[in-house]
Each structure stands twice: as C-alpha cells, then as structure tokens.
Chemist: 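I'd like to ask you about the structure that follows.
Just so you know, these numbers come straight off a predicted model, no measurement behind them.
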Amino acid sequence: MVRSDRRSGKAPRPSVWLADRGRERGGRRGGGRPSGLDRDRITEATVRLLDAEGLEKFSMRRLAAELDVTAMSVYWYVDTKDDLLELALDRAFGELALPDPDTGGDWRDELRALARAYRALLVRHPWLPALVGRFLNVGPHALRFSGAVQRVLGRTGLPEHEVTGAIAAVFQFVYGHGTVEGHFRARVASTGLTPDEYHHQAMTEVLKDPAASDVIGRSARIMEARGGDTVEEMLERDFTFALDLLVAGIEAMAARGRA
C-alpha cells in the first residue's frame, strides 16, 4: 500500500514537521487508533530497519511486519512513507553530541568535534546521505545541529556574509567524506573481508591492469608517504588533515577580513 501526495494529485508537503506544527502530534485525530503503537516506536523501528536492510529495501509493509501490525495501523501515525523517512532522519540527527553554547570554548575545537560527529553519523547510518538533501531538515534535532554550527562559525571572526560559505566548505566536505566512507564500509562488509584485507586485495588486482597501474601506482606512493599501517589509520589521517586545511582557511579568511 503506497500513499503519496504525487499520486493523489496534491502538491507534496514541504515537510512533515511543518504539517505537524499546529496540530496534535502522534498521528490522526479520532478513535480507532491501534493500541501499543506510537510515533516514537514506529520511528525507532524505522531507523533500526534502515540500518539493517538499507533504504532500497525499506517499505511500509516491511515496517509493519517488524512491528507485528498491519500496514494500515502505521498510517494512523504518518500519512506517507516520506513522512516516516523524514522522522527517521531527524531521529538520527538526535544522536549528535552538541557543544554547550554557554561554555565559550575554542571555536576550532568545537568545529572539529561537530565535523567528526557528523562524519560518524553518516558512516553509522549509510542510508542517511540520500535523505539529507531530499528533505528540508527542519526537525527539532536537525535545527539544533544547524544552530550549533551557526553559533560556532559565528565566533570565527568571519563577516556574516561569508559564514554560509564556511559552513558549506566544512560540512559538504564531511558529507562527501562520510558518504564515501559509508559506501566503502558497506562494500567491505558484503565481502566478508576486513578493511585491510579488502584494500590489499583491491590494490593488488588493480595494479595488474596496465591502463590503471600508472595512476594507481602513483596513488600508492602518495599513500605510503602519508603513512598509516591500517585502513582506519589512513582514513583518519586524511580526514584530520583535510579538516585542518579547512580550519586554517577559515582562520586566514577571517584574518584577511580584519586587515
């Protein structure tokens, strides 16, 4: 059973959160609501299913089976599958640890902590990147994260008109890095190998291809110069250095603005 504003000819709602504000949370009004269910339980099960099976296999029927209810029961609490995915997206954002706005810590440390937390979130939930750009991200947890990012970058000394560019530079980098890392880890998991075994096998095979050996060989020399005995160490060193470059760039731009 699929319910969709597009199929009904209605304009799609901009966000389940905007639709919910001003009306009772927790689904539709009226009697007959299934017992033992609520929106929080449904959202929690959605996140669990997405983590286990991925976005492509997710369906309202599969969710209903996980909850041991009928698909119609779920629709007492959400109107569409998209609504439920948007709720799951915000639930995931609720896992992020945010800096205390009253501590006045060093913005560099807080920015690095936010970037690392976001990267870990994207890797932990590989379905998340596909939803980040699909929805408005105006749920309560996403808004708190955005507010924390704005506060931290607001203390960098950048003029206000440059803050959005700094946000894009840092968090679109993290989004890309976390997305690729999540895909890599999923691919490795599907092979039954460890990340190090997979990396060694892949490099060995690709170096046998004359068309790729020159570029890949050069990449191998660059990686050797960078150091790191394991895939985990290599990923961490690359992420840390790239983030340091971005922080240094923000510092330089802020100093230029003060000159």
Chemist: Can you name the residues that form a side-chain contact (heavy atoms from CB on, under 4.5 Å) with Thr70, not counting sequence neighbours?
Modeler: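 Thr70 satisfies side-chain contact (heavy atoms from CB on, under 4.5 Å) with Met72, Ser73 once adjacent residues are dropped.
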Chemist: Going by salt bridge (Lys or Arg N to Asp or Glu O under 4.0 Å), name the residues that satisfy it together with Asp244, two or more places apart in sequence or in a different chain.
Modeler: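 For Asp244 the salt bridge (Lys or Arg N to Asp or Glu O under 4.0 Å) partners, ignoring immediate neighbours, are Arg112.
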Chemist: Phe93: what forms a ring pair (Phe, Tyr, Trp, His ring centres under 6.0 Å) with it, not counting sequence neighbours?
Modeler: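 If we apply the ring pair (Phe, Tyr, Trp, His ring centres under 6.0 Å) test to Phe93, skipping adjacent residues, the hits are Phe145.
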Chemist: Please, which pairs that meet ring-ring contact (aromatic ring centres under 6.0 Å, His included) have at least one residue in residues 206-231, sequence neighbours excluded?
Modeler: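 Residue pairs passing ring-ring contact (aromatic ring centres under 6.0 Å, His included), neighbours aside: none found.
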Chemist: In chain order, what residues pass the side-chain contact (heavy atoms from CB on, under 4.5 Å) check against Pro99, with sequence neighbours excluded?
Modeler: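 Counting only residues at least two positions away or on another chain, Pro99 forms a side-chain contact (heavy atoms from CB on, under 4.5 Å) with Glu110, Leu114, Ala148, Val152.
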Chemist: Among residues at least two apart in sequence or on other chains, which ones pass salt bridge (Lys or Arg N to Asp or Glu O under 4.0 Å) with Glu162?
Modeler: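 Here no residue qualifies.
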Chemist: Taking only residues two or more places apart in sequence, or in another chain, which ones meet Trp127 in a ring pair (Phe, Tyr, Trp, His ring centres under 6.0 Å)?
Modeler: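 For Trp127 the ring pair (Phe, Tyr, Trp, His ring centres under 6.0 Å) partners, ignoring immediate neighbours, are His125.
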Chemist: Can you pull the salt bridge (charged side-chain N to carboxylate O under 4.0 Å, His left out) pairs that have at least one residue in residues 170-192, sequence neighbours excluded?
Modeler: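 Every salt bridge (charged side-chain N to carboxylate O under 4.0 Å, His left out) pair that includes a residue of residues 170-192, provided the two are not neighbours, is Arg119-Glu181, Glu181-Arg185, Arg185-Glu232.
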Chemist: Sequence neighbours excluded, which residues qualify as side-chain hydrogen bond (donor to acceptor under 3.5 Å, both in side chains) partners of Arg124?
Modeler: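 side-chain hydrogen bond (donor to acceptor under 3.5 Å, both in side chains) check on Arg124 returns Glu95.
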Chemist: Which atom names give the shortest non-hydrogen contact between Ser213 and Pro210, and what distance separates them?
Modeler: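 Closest pair (atom of Ser213, atom of Pro210, distance): OG-O, 3.3 Å.
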Chemist: Counting only N and O atoms by type, is there a donor-acceptor contact under 3.5 Å from the side chain of Tyr175 to the main-chain atoms of Pro129?
Modeler: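 A pair under 3.5 Å: yes.
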Chemist: Once ring pair (Phe, Tyr, Trp, His ring centres under 6.0 Å) is applied, do any residues pair with Phe239, and if so which ones, sequence neighbours excluded?
Modeler: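 Expected list: Phe173, His177.
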Chemist: Between Lys208 and Glu205, is there a salt bridge with N-O shorter than 4.0 Å?
Modeler: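 Salt bridge flag = yes for Lys208 with Glu205.
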Chemist: Please list all pairs passing the ring-ring contact (aromatic ring centres under 6.0 Å, His included) test where one or both residues lie in residues 186-221, with sequence neighbours left out.
Modeler: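 Found Phe184-Tyr198.
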Chemist: Which residues pass the salt bridge (Lys or Arg N to Asp or Glu O under 4.0 Å) test with Asp214, not counting sequence neighbours?
Modeler: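 Applying salt bridge (Lys or Arg N to Asp or Glu O under 4.0 Å) to Asp214 gives Arg218.
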Chemist: Would you indicate whether Asp209, at its atom CG, is surrounded by more than 12 heavy atoms from other residues, nucleotides or ligands within a distance under 6.0 Å?
Modeler: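 Buried by this count: over 12 neighbours within 6.0 Å.
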